[in-house]
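Only this structure's heavy atoms are used, side chains among them; waters, hydrogens and symmetry mates stay out. In the text below, chain A, chain B and the rest are named by the order of the sequence lines, each starting its count at 1.
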Protein chains: 2
Amino acid sequence: MDAIDSRIIDLLKRNARSAYGDIGAVVGLSASAVKRRVDRLLAEGVIRSFTVQVDPATEGMSTEAWVELFCRGTVSPTELRRILSAVPEVVYAGTVTGSADAIVHMRSRDIPSLELALERVRVAPNVDHTRSAIVLSRLVNRTAG
Amino acid sequence: MDAIDSRIIDLLKRNARSAYGDIGAVVGLSASAVKRRVDRLLAEGVIRSFTVQVDPATEGMSTEAWVELFCRGTVSPTELRRILSAVPEVVYAGTVTGSADAIVHMRSRDIPSLELALERVRVAPNVDHTRSAIVLSRLVNRTAG
DNA sequence: CGTGAAACTGGAGTCGT
DNA sequence: ACGACTCCAGTTTCACG
């Protein structure tokens with residue numbers, strides 16, 4: 001993971017379909033050398049996957065919410081992961097410092113389906129209550145480069 | 001945007017470097033038919049871009065925080081966007097319902113640089129105060145498929 | 001890490017429905 | 001208008017130096 005690797009990743013973030021030769025021309029390597037590095041970065045797990053960034057709105061997932069999760073007693077992160085992974089609307093979740101135990105980012109088609117998903121989180125054992133904030137407008141989204 | 005488009009997007013999410021012919025073999029179309037659909041989806045903005053999903057930890061961005069933003073008086077979403085876009089550590093932001101005006105997802109190398117970035121957000125005009133929650137452990141991350 | 005050759009893919013045009 | 005087919009330039013992928 002040297003400086004050239006970083007530059008290659010930077011270029012791939014902007015366009016994951018760039019030809020290896022084009023990348024090589026920028027960073028000063030041959031196409032095969034670039035491919036070898038990309039293969040290595042994939043094997044090492046630095047590059048998780050090649051994906052497309054889709055407009056959530058046109059994909060029919062225009063309703064978003066941030067949910068703070070408050071639990072009774074102590075809930076292990078492992079159990080929280082199990083609960084939250086089961087709800088497909090959960091896009092991102094993490095345990096946090098502060099009064100809440102975890103914060104959850106949810107994305108769904110509309111308010112009713114969001115409410116349904118929220119209900120599925122709430123009924124989980126040891127979940128005391130939740131505090132939700134519906135997203136009104138997205139300001140910044142650099143999630144994938 | 002029909003059922004086949006959805007399936008194509010689904011396949012591209014999993015591997016954005018799939019050959020059009022391979023995608024066509026799965027959805028029952030020829031390579032050129034798939035390409036035309038992908039080009040159309042790109043032109044329509046349904047597909048925003050082809051990117052790579054990089055492991056934030058190995059990229060040296062292991063510190064994350066959620067920040068609630070409280071403003072004085074009324075701040076337009078446009079101005080908030082301008083302020084937050086200027087801080088590269090801001091990964092995601094949106095205006096929300098509830099007591100906070102906006103919620104911000106930040107990602108940085110370490111605590112000191114996170115504090116610096118937070119300071120840049122705080123000094124913006126009309127920002128009254130912020131409430132931060134540092135992420136202890138990531139539970140779910142389905143941000144990019 | 002670079003070079004070269006073989007196989008494959010992408011891009012554009014054309015035709016049929 | 002949309003999908004299938006064909007050709008050629010360009011790209012990927014492998015060997016080896």
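Proximity of A:Lys35 to the phosphate of D:dT13: a side-chain N or O atom is located under 4.0 Å from OP1 or OP2.
Nearest to the side-chain atoms of B:Ala33 among the listed nucleotides D:dT13, D:dT12, D:dG3 stands D:dG3. Which of C:dC1, D:dC14, C:dG11 sits closest to the side chain of A:Arg36 comes down to C:dC1. Picking from D:dG3, C:dG2, C:dG11 the nucleotide with the shortest atom distance to the side chain of A:Ser30 gives C:dG2.
Here the P atom of nucleotide D:dC2 and the CD1 atom of B:Ile8 are 13 Å apart, to the nearest Å. B:Asn15 places its CG atom 13 Å from the P atom of C:dT9, with the value rounded to the nearest Å. The OH atom of A:Tyr20 sits 14 Å away from the C1' atom of C:dC8 (whole-angstrom rounding). Atom CG in B:Leu41 sits roughly 14 Å away from atom C1' in D:dC2 (whole-Å rounding). Distance, B:Ile23 CD1 to D:dG3 C1': 16 Å, rounded to whole Å.
Ion pairing of A:Arg37 with A:Asp2 is present here, as a side-chain N (NZ or NE/NH1/NH2) and a carboxylate O approach within less than 4.0 Å. Ion pairing between a basic and an acidic side chain is recognised when a charged N comes within 4.0 Å of a carboxylate O; A:Asp128 and A:Arg72 show such pairing. Checked for salt-bridge contact, B:Glu59 and A:Lys13 meet the test: a charged N lies under 4.0 Å from a carboxylate O.
A:Tyr92 and B:Trp66 have their aromatic ring centers within a separation under 6.0 angstrom.
Counting atom types as modelled, A:Ser32 pairs no side-chain N or O with a base atom of D:dT13 as donor and acceptor under 3.5 Å. The base of C:dG10 has none of its N or O atoms less than 3.5 Å from a complementary donor or acceptor on the side chain of A:Arg17.
No engagement by B:Arg40 is indicated, since no non-hydrogen atom pair under 4.0 Å with the nucleic acid exists.
Nearest-nucleotide assignment on DNA chain D puts the 5′-proximal partner with B:Arg37, out of A:Asp39 and B:Arg37.
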